[in-house]
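Computed over heavy atoms, backbone and side chain alike; hydrogens, waters and symmetry mates excluded. These figures come from a predicted structure and were not determined experimentally. A note on names: the letters A, B, ... follow the listed sequences, proteins ahead of strands, and every chain is numbered from 1.
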There are 2 protein chains.
Amino acid sequence: MEIPEVVTSIKQATELTGLTEDTIRYYEKIGLLPYADRKRNGHRVYRREQIQSIIFLTRLKATGMTIEEMKRYRELSSLGNDTVPLRLSILEEHHQKIQKEIARLFEVQRIIEYKIDHYREITQNPDLSDTNCASTIKNDL
Amino acid sequence: MEIPEVVTSIKQATELTGLTEDTIRYYEKIGLLPYADRKRNGHRVYRREQIQSIIFLTRLKATGMTIEEMKRYRELSSLGNDTVPLRLSILEEHHQKIQKEIARLFEVQRIIEYKIDHYREITQNPDLSDTNCASTIKNDL
DNA sequence: ACTTGACTTGGAGTACACTCCAAGTTGTAA
DNA sequence: TTACAACTTGGAGTGTACTCCAAGTCAAGT
């Protein structure tokens with residue numbers, strides 16, 4: 001989706017960011033997003049970079065960053081380039097966190113595959129399915 | 001951690017499952033866990049398989065399965081082997097969901113790495129950091 | 001007999017992230 | 001000018017998943 005230089009309605013912003021109108025207003029209300037400029041009638045306007053920074057926030061959110069953490073990051077951004085090292089370390093830490101999360105997901109994936117295999121065996125050979133089956137690890141739950 | 005055949009306190013159950021006492025009681029209260037047997041004094045006792053099934057639940061939870069979905073799965077389990085095909089399809093669907101989640105995490109990982117690289121450049125060569133820098137995509141937020 | 005500690009219960013409270021609503025304003029179109 | 005749609009606001013309500021608390025019970029140790 002091409003982002004225009006100026007976005008002149010909250011509706012358009014929702015289409016570009018994937019957030020709802022309510023969520024955008026909520027983020028502004030709690031200070032996660034800066035107070036947006038308004039047109040003469042009070043409607044919000046956004047420049048392209050603002051939309052891009054909202055999209056970046058949605059990425060962070062989608063990887064489990066909390067609103068408070070995102071707020072902290074954004075506040076540092078607004079303080080200029082002196083805070084780049086700090087922002088860098090926040091991103092590095094988050095990167096590590098995601099890496100661990102990925103590893104955890106792979107591990108559980110393996111466990112689920114094991115269980116799926118067991119269920120497939122049962123459906124193909126119902127004799128294995130009696131409740132006294134020795135494979136308690138597979139049969140649990 | 002070796003799971004004993006019989007677990008005679010909720011404390012021990014927390015150590016084996018990683019859940020808190022409150023969470024275990026809460027899960028039982030809402031019917032995610034079956035009503036546990038009690039000792040004469042009312043204290044909960046668990047058999048090994050029960051602990052194992054709690055641990056399996058924590059895996060599902062850790063990969064984003066909601067309590068309602070876990071409840072549904074557990075109810076099917078309690079209905080016996082006729083529900084194995086249904087349970088199979090639930091696990092397969094969840095497996096797919098996790099696969100997508102992993103892909104999404106990798107994608108965001110890439111975006112974060114891109115930003116980290118940019119910040120590293122800035123810290124090593126501060127001349128690039130002036131606010132009029134052309135690389136708006138990198139500089140946003 | 002009394003204290004201590006580990007548990008029990010029902011129910012209330014909390015944290016997070018929205019989501020919805022009522023009442024009001026503005027710009028355009030009939 | 002009147003209707004309508006698209007926004008605005010402050011504030012209340014919702015869903016999920018816990019988390020905490022007060023009051024009580026029980027077994028074991030001193």
Side-chain angles (χ1 to χ4, degrees), chain A residues 4 6-47 50-51 54-75 94 97 101, chain B residues 4 6-47 50-51 54-75 94 97 101:
Chain A
V6 175
V7 172
T8 58
S9 77
I10 200 169
K11 182 95 182 299
Q12 218 184 334
T14 68
E15 282 154 15
L16 295 166
T17 63
L19 298 174
T20 67
E21 295 183 19
D22 272 323
T23 302
I24 292 175
R25 293 197 195 100
Y26 167 68
Y27 281 176
E28 190 184 304
K29 183 149 51 176
I30 62 171
L32 173 57
L33 294 177
Y35 187 81
D37 288 343
R38 310 290 150 116
K39 289 186 281 189
R40 282 181 312 302
N41 61 9
H43 294 194
R44 287 169 179 80
V45 217
Y46 298 94
R47 276 167 298 105
Q50 293 177 308
I51 295 294
I54 294 174
I55 290 172
F56 185 63
L57 280 188
T58 67
R59 309 281 193 222
L60 294 181
K61 187 189 108 184
T63 49
M65 192 177 275
T66 65
I67 285 182
E68 276 315 303
E69 290 171 308
M70 292 191 283
K71 233 170 127 173
R72 167 119 184 90
Y73 184 80
R74 229 203 48 72
E75 274 154 14
H94 193 61
K97 206 177 118 195
E101 171 72 3
Chain B
V6 174
V7 172
T8 57
S9 77
I10 200 168
K11 181 94 183 299
Q12 215 182 337
T14 67
E15 281 155 15
L16 295 166
T17 63
L19 297 174
T20 67
E21 295 183 19
D22 273 323
T23 302
I24 291 175
R25 293 197 195 100
Y26 167 69
Y27 282 176
E28 189 184 303
K29 182 150 51 175
I30 62 171
L32 173 58
L33 294 177
Y35 186 82
D37 288 343
R38 310 289 150 116
K39 288 186 281 189
R40 282 182 313 302
N41 62 8
H43 293 194
R44 288 169 178 79
V45 216
Y46 299 95
R47 275 168 298 105
Q50 292 177 309
I51 295 293
I54 295 174
I55 291 172
F56 185 63
L57 280 189
T58 67
R59 309 281 192 222
L60 295 181
K61 187 190 110 187
T63 49
M65 193 178 275
T66 65
I67 286 182
E68 276 315 304
E69 290 171 308
M70 292 191 284
K71 234 169 127 173
R72 168 120 184 89
Y73 184 81
R74 230 199 48 73
E75 275 154 12
H94 193 62
K97 205 177 118 193
E101 172 72 3

Checklist entry - First and last nucleotide of DNA chain D touching chain A, 5' to 3', heavy-atom cut-off 4.0 Å? => result D/dC7 to D/dG11
Checklist entry - Of the non-hydrogen atoms in B/Leu60 and B/Thr63, which two are nearest, and what is the gap between them? => result O-OG1, 2.8 Å
Item to check | Nearest non-hydrogen partners of A/Thr17 and A/Thr58, listed with the distance | outcome: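 Where A/Thr17 meets A/Thr58 most closely, the heavy atoms are O-CG2, 3.9 Å.
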Whole-Å distance between [N] [atom2] and [X] [atom1]?
X	N	atom1	atom2	result
B/Ile10	C/dT8	CD1	C1'	9 Å
A/Glu69	C/dA15	CD	P	17 Å
A/Arg44	C/dT26	CZ	P	16 Å
A/Arg25	C/dT19	CZ	P	13 Å
B/Ile24	C/dC7	CD1	P	11 Å
A/Met65	C/dC16	CE	P	15 Å
B/Asp22	C/dT14	CG	P	15 Å
B/Gln12	C/dA6	CD	P	14 Å

Next on the checklist: Walk me through whether B/Lys71 and B/Glu75 qualify under side-chain contact (heavy atoms from CB on, under 4.5 Å).
Outcome noted: CA-CA 6 Å; B/Lys71 234 169 127 173; B/Glu75 275 154 12; 4.2 Å; yes
Checklist entry - In this structure, are over 12 heavy atoms from other groups packed under 6.0 Å from A/Arg25 atom CZ? => result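 Enclosed.
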Next on the checklist: With nearest nucleotide decided by heavy atoms, which residue, A/Arg40 or A/Tyr26, maps closer to the 5′ end of DNA chain C?
Outcome noted: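 Its nearest nucleotide being more 5', the pick is A/Tyr26.
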Checklist entry - Do the non-hydrogen side-chain atoms of B/Lys61 and B/Tyr27 ever get within less than 4.5 Å of each other? => result yes
Item to check | Pairwise side-chain contact, B/Leu16 with B/Pro4, heavy-atom cut-off 4.5 Å (strictly under) | outcome: yes
Checklist entry - Between B/Arg38 and C/dT8, does any side-chain N or O lie under 4.0 Å from OP1 or OP2? => result no
For residues 29-38 of chain A, dump all side-chain donor-acceptor pairs below 3.5 Å to protein atoms at least two apart in sequence or in another chain.
unit_1, atom_1, unit_2, atom_2, d
A/Arg38, NE, A/Ala36, O, 2.9
A/Arg38, NH2, A/Glu28, OE1, 3.2
A/Arg38, NH2, A/Glu28, OE2, 2.1

Item to check | Upstream residue (5' side of DNA chain D) when B/Gly42 and B/Ile67 are each assigned their closest nucleotide | outcome: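 This one resolves to B/Ile67.
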Item to check | First encountered from the 5' end of DNA chain D, between A/Lys29 and A/Glu21 | outcome: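 Final value for this comparison: A/Glu21.
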Checklist entry - If you look at every strand shown and take non-hydrogen atoms under 4.0 Å, does B/Lys39 touch a base, only sugar-phosphate, or nothing? => result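 Answer is nothing: B/Lys39 stays at 4.0 Å or more from every strand.
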